[in-house]
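Report on one structure; see the data block that follows.
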Amino acid sequence: MALDDLKSAVPDYAKDLKLNLGSVIGNSHLPAQQLWGTVLACAIASRSPKVLRELEPEAKANLSAEAYTAAKSAAAVMAMNNVFYRTRHLLSDPEYGNLRAGLRMNVIGNPGVDKVDFELWSLAVSAINGCGMCLDSHEQVLRKAGVERETIQEAVKIAAVLQAVGATLDAEAALAE
């Protein structure tokens, strides 16, 4: 199992990450599509080749072709949106918020899967990329759709752990060179 391979690659000094990796993925209460879409989108967003290589095959095996593509689409569109909207939020001049974005994001309106799943994946990627505006926006859509805070937090925990595992493994790879 790729998850076991990934856990075994985590160094001893990061034992907490290894334990958390097993619990946030191995013991998740999310339905399979939400779980593996979140895992795939976050593995992409982590920018860690090792994390993506280890988790992508299992995600692909647990997702329909449409959900697999949608999870990748969530990671792609949020990589753009998180930079754009985080910058808008961080600039002290509020007039930037009145300017037309002019960026295509059609996939958000028609992701090819249940809108709730896509919003959850987008929120998790936004957590990795640190965009408060996007986090608030996706959280509000999810809450209006009846998604519990615990479900949202579970996706954020997956994002946090995958980001940390990716950073740790990439640092170890760089030190080994």
Side-chain angles (χ1 to χ4, degrees), residues 1-63 67-87 90 107 111 113 117-139 142 150-177:
M1 173 185 226
L3 181 57
D4 290 334
D5 292 340
L6 190 58
K7 284 172 29 181
S8 69
V10 175
D12 288 341
Y13 69 81
K15 182 180 178 181
D16 289 330
L17 298 182
K18 187 182 300 197
L19 295 171
N20 288 332
L21 187 58
S23 67
V24 301
I25 296 175
N27 297 325
S28 176
H29 298 291
L30 294 176
Q33 179 165 298
Q34 286 184 355
L35 170 63
W36 288 104
T38 302
V39 168
L40 179 58
C42 290
I44 293 168
S46 78
R47 296 174 182 85
S48 173
K50 174 84 171 159
V51 169
L52 182 57
R53 275 194 307 271
E54 292 296 335
L55 295 176
E56 183 274 341
E58 198 161 350
K60 191 171 193 175
N62 282 283
L63 293 169
Y68 178 81
T69 299
K72 290 180 10 177
S73 295
V77 75
M78 295 318 297
M80 174 186 69
N81 284 357
N82 293 157
V83 170
F84 182 80
Y85 288 105
R86 183 178 63 236
T87 301
L90 292 172
V107 71
V113 294
D117 293 349
F118 192 83
E119 289 288 332
L120 189 67
W121 304 337
S122 297
L123 177 130
V125 170
S126 296
I128 289 174
N129 292 330
C131 180
M133 286 183 70
C134 293
L135 283 166
D136 281 342
S137 174
H138 295 292
E139 190 268 348
L142 288 165
E150 292 79 7
T151 298
I152 294 167
Q153 180 170 292
E154 196 161 341
V156 172
K157 289 190 320 188
I158 292 168
V161 172
L162 290 184
Q163 175 65 18
V165 168
T168 301
L169 295 179
D170 291 352
E172 288 298 311
L175 292 171
E177 290 179 1

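In terms of heavy atoms, Ala71 sits closest to Gly37 at CB-O, 3.6 Å. For the residue pair Ala2 and Glu54, the shortest heavy atom distance occurs at CB-O, 2.5 Å. Summarising the geometry of Leu169 relative to Ala9, their closest heavy-atom pair is CD2-O, 3.2 Å, with the distance given to 0.1 Å. The shortest non-hydrogen separation linking Trp121 to Ala74 is CB-CB, 3.9 Å. Between Leu63 and Gln33, the closest heavy-atom pair is CD2-O, 3.6 Å. Between Asn62 and Glu58 the shortest heavy-atom distance is ND2-O, 2.8 Å.
Considering only heavy atoms from C-beta on, Asn81 stays 4.5 Å or farther from Asn129 through its side chain. Residues Pro11 and Leu17 form no side-chain contact, since every pair of their non-hydrogen atoms from C-beta on lies 4.5 Å or further apart. In this structure the side chain of Glu56 reaches within 4.5 angstrom of the side chain of Tyr68, judged on heavy atoms. Put simply, the side chain of Phe118 reaches to within 4.5 Å of the side chain of Ser73, judged on heavy atoms. Using a 4.5 Å cut-off on side-chain heavy atoms (C-beta onward), Pro111 and Thr69 make no contact.
The structure places CG of Asn20 at 11.5 Å from CD1 of Ile158, a figure rounded to the nearest 0.5 Å. Glu139 CD to Asp136 CG: the interatomic distance, rounded to the nearest 0.5 Å, is 7.0 Å. A distance of 11.5 Å separates OH of Tyr85 from OG of Ser126, quoted to the nearest 0.5 Å. Expressed to the nearest 0.5 Å, how far CG of Leu40 lies from SG of Cys42 amounts to 9.0 Å. Between the OG1 atom in Thr151 and the CG atom in Leu123 there is a gap of 11.5 Å [rounded to 0.5 Å]. A distance of 12.0 Å separates CG of Asp5 from CZ of Arg53, quoted to the nearest 0.5 Å.
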Step-by-step side-chain contact (heavy atoms from CB on, under 4.5 Å) determination, Val24 to Glu154: CA-CA 7 Å; Val24 301; Glu154 196 161 341; over 6 Å; no
Apply side-chain contact (heavy atoms from CB on, under 4.5 Å) to Leu55 and Leu162, showing your working. CA-CA 10 Å; Leu55 295 176; Leu162 290 184; 3.6 Å; yes
Output, in order, the C-alpha distance, side-chain angles, deciding distance and verdict of side-chain contact (heavy atoms from CB on, under 4.5 Å) for Val165 and Ser48. CA-CA 9 Å; Val165 168; Ser48 173; over 6 Å; no
Check the pair Leu21, Ile25 against side-chain contact (heavy atoms from CB on, under 4.5 Å), reporting the backbone distance first and the verdict last. CA-CA 6 Å; Leu21 187 58; Ile25 296 175; 3.8 Å; yes
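Between the side chain of Ser46 and the backbone N or O of Ala43, at least one donor-acceptor pair lies under 3.5 Å.
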